Trainee: 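Okay, here's the structure, questions in a sec.
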Amino acid sequence: MNPDEDTEWNDILRAKGIIPPKDEITEDQVMDALEEIIAEANSKKLDEKDLDELDELEDEEDERVLLEYRQKRMAEMQAQAEKDVFGELTQISEQDFVKEVTEASKEVSVVVHLFKDQYPACRLMNAHLSTLAQKYKSTKFVKIISDNCIHGYPDQNLPTLLIYVAGDLRKQQIGLLGLGGMSMKPEDLENLFDTCGAIVRSRPAHSEEPTKKQFSIYSSSAALSDDEDSDY
């Protein structure tokens with residue numbers, strides 16, 4: 001009689017304690033054993049390789065990670081290029097406003113300048129907006145003579161900016177108050193637009209493509225040491 005056989009008689013004998021219980025292996029135990037075998041096999045393969053072979057593995061891993069990074073950046077750049085369709089300050093008419101601002105602002109951020117050329121502050125605003133339009137080509141910059149936008153709009157409120165984001169009027173900026181007055185610089189407007197969410201800032205310099213050393217799976221300790229050194 002084999003006490004390890006799965007027979008009804010053996011089950012009765014085990015239940016009465018006449019023969020010892022049969023050892024059972026759980027699924028978790030099987031998986032643990034398989035993982036241990038695989039780990040030992042991988043470790044053995046690495047132990048059998050010399051320094052040159054290990055360097056080749058490192059280079060292959062670096063190239064794979066760098067390739068993935070480049071592909072990701074290319075996809076990001078392509079997506080951004082599809083959004084960068086403007087690039088200049090465009091003058092619109094009263095008839096254009098609904099299409100060029102109201103409807104367009106549902107898809108892209110729109111900055112509208114209500115102006116009159118006879119005012120130096122308006123000319124200064126247009127100059128800076130032209131500069132920023134070239135820099136932030138995914139944001140739409142337009143200007144419109146104030147009377148054509150709002151009939152009877154008071155000249156003392158010029159220049160006026162209407163900033164639309166996601167279809168809503170996010171900000172109404174009247175005059176140059178808080179922007180540095182006639183000493184206003186493009187950076188003052190840039191900060192205003194950034195606060196409103198109307199522009200997307202450039203990527204910081206430290207986010208450039210990583211080096212092989214930073215991504216190496218075999219020289220991670222070296223990489224770590226380097227890292228230390230109002231509504232309208």
Side-chain angles (χ1 to χ4, degrees), residues 69 72-94 96-150 153-210 230-232:
Y69 179 86
K72 179 181 178 182
R73 286 292 295 124
M74 287 178 64
E76 291 175 350
M77 292 170 64
Q78 181 177 355
Q80 187 61 42
E82 294 174 354
K83 296 178 181 179
D84 292 346
V85 296
F86 302 110
E88 62 182 9
L89 176 63
T90 305
Q91 184 163 343
I92 63 174
S93 65
E94 180 179 0
D96 297 329
F97 195 90
V98 172
K99 177 183 177 182
E100 299 294 338
V101 178
T102 307
E103 295 180 358
S105 66
K106 298 176 183 177
E107 303 295 333
V108 297
S109 298
V110 181
V111 175
V112 184
H113 178 207
L114 278 58
F115 79 104
K116 284 186 177 178
D117 271 332
Q118 62 263 39
Y119 297 111
C122 291
R123 296 197 297 270
L124 177 65
M125 180 69 75
N126 280 334
H128 290 340
L129 291 177
S130 294
T131 298
L132 294 178
Q134 295 175 17
K135 183 176 182 179
Y136 297 101
K137 297 180 180 180
S138 61
T139 298
K140 189 172 187 177
F141 291 84
V142 300
K143 61 181 180 179
I144 181 172
I145 296 175
S146 57
D147 291 337
N148 291 344
C149 183
I150 306 172
Y153 192 72
D155 287 357
Q156 62 264 31
N157 288 347
L158 300 180
T160 293
L161 294 179
L162 306 177
I163 305 172
Y164 290 82
V165 178
D168 296 324
L169 179 59
R170 187 68 58 87
K171 175 74 174 179
Q172 181 177 355
Q173 173 69 35
I174 297 176
L176 302 182
L177 184 64
L179 296 175
M182 289 302 293
S183 299
M184 174 181 64
K185 298 179 177 59
E187 292 77 11
D188 298 316
L189 289 172
E190 197 170 18
N191 291 332
L192 172 64
F193 299 151
D194 185 40
T195 301
C196 296
I199 59 174
V200 178
R201 293 274 195 177
S202 301
R203 293 170 62 89
H206 60 74
S207 64
E208 294 299 323
E209 181 172 325
S230 81
D231 295 339
Y232 167 73

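In this text the structure is predicted, and so the values were computed from the model without any measurement.
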Trainee: Look up atom OG1 in T131 and atom CD in E187, then write down how far apart they are to the nearest 0.5 Å.
Mentor: 9.5 Å

Trainee: I'd like to know if the side chain of Y136 pairs up with that of S109 as donor and acceptor (distance under 3.5 Å, no hydrogens or angles considered).
Mentor: no

Trainee: Any side-chain heavy atom of L176 within less than 4.5 Å of one from P159?
Mentor: yes

Trainee: Identify, with sequence neighbours excluded, every residue that meets side-chain contact (heavy atoms from CB on, under 4.5 Å) alongside S93.
Mentor: Q95, D96

Trainee: Which of these, T195, V165, L161, L192, sits in a side-chain contact (heavy atoms from CB on, under 4.5 Å) with K171?
Mentor: L192

Trainee: Looking at Q173 and L177, would you say the former's side chain and the latter's main chain have a donor-acceptor pair under 3.5 Å?
Mentor: yes

Trainee: Within the structure provided, determine whether M125 and Y119 are in side-chain contact (heavy-atom separation under 4.5 Å).
Mentor: no

Trainee: If you round to the nearest 0.5 Å, how far is NZ of K143 from CG of N126?
Mentor: 4.5 Å

Trainee: Could you grab the distance from atom NZ of K116 to atom CG of N148, nearest 0.5 Å is fine?
Mentor: 9.0 Å

Trainee: To the nearest 0.5 angstrom, please state how far the CZ atom of F141 sits from the CG atom of L132.
Mentor: 5.5 Å

Trainee: Within a strict 4.5 Å, meaning less than it, do heavy atoms of the I144 and F97 side chains meet?
Mentor: yes

Trainee: Minimum heavy-atom separation for A198 to T139, with atom names?
Mentor: O-OG1, 2.6 Å

Trainee: Taking all non-hydrogen atoms of both residues into account, name the closest pair between L124 and G181 and its distance.
Mentor: CD2-O, 4.2 Å

Trainee: Of all heavy-atom pairs between A104 and K140, which one has the smallest distance, and what is that distance?
Mentor: CB-NZ, 3.9 Å

Trainee: Report the C-alpha separation of F193 and V111 in whole Å, then their side-chain angles, then the decisive distance to 0.1 Å, and conclude whether the side chain to side chain contact (heavy atoms under 4.5 Å, CB included) test is met.
Mentor: CA-CA 9 Å; F193 299 151; V111 175; 3.8 Å; yes

Trainee: Give, for atom CG of D194 and atom CD1 of I199, the distance between the pair rounded to the nearest 0.5 Å.
Mentor: 5.0 Å

Trainee: Closest heavy-atom contact between H128 and M184?
Mentor: NE2-O, 2.8 Å

Trainee: For I145 and E94, what are the C-alpha separation, side-chain angles and deciding distance, and is it a side chain to side chain contact (heavy atoms under 4.5 Å, CB included)?
Mentor: CA-CA 9 Å; I145 296 175; E94 180 179 0; over 6 Å; no

Trainee: Distance check, rounded to the nearest 0.5 Å: H113 atom NE2 versus S146 atom OG?
Mentor: 9.0 Å

Trainee: Any side-chain heavy atom of D188 sitting closer than 4.5 Å to one from K185?
Mentor: yes

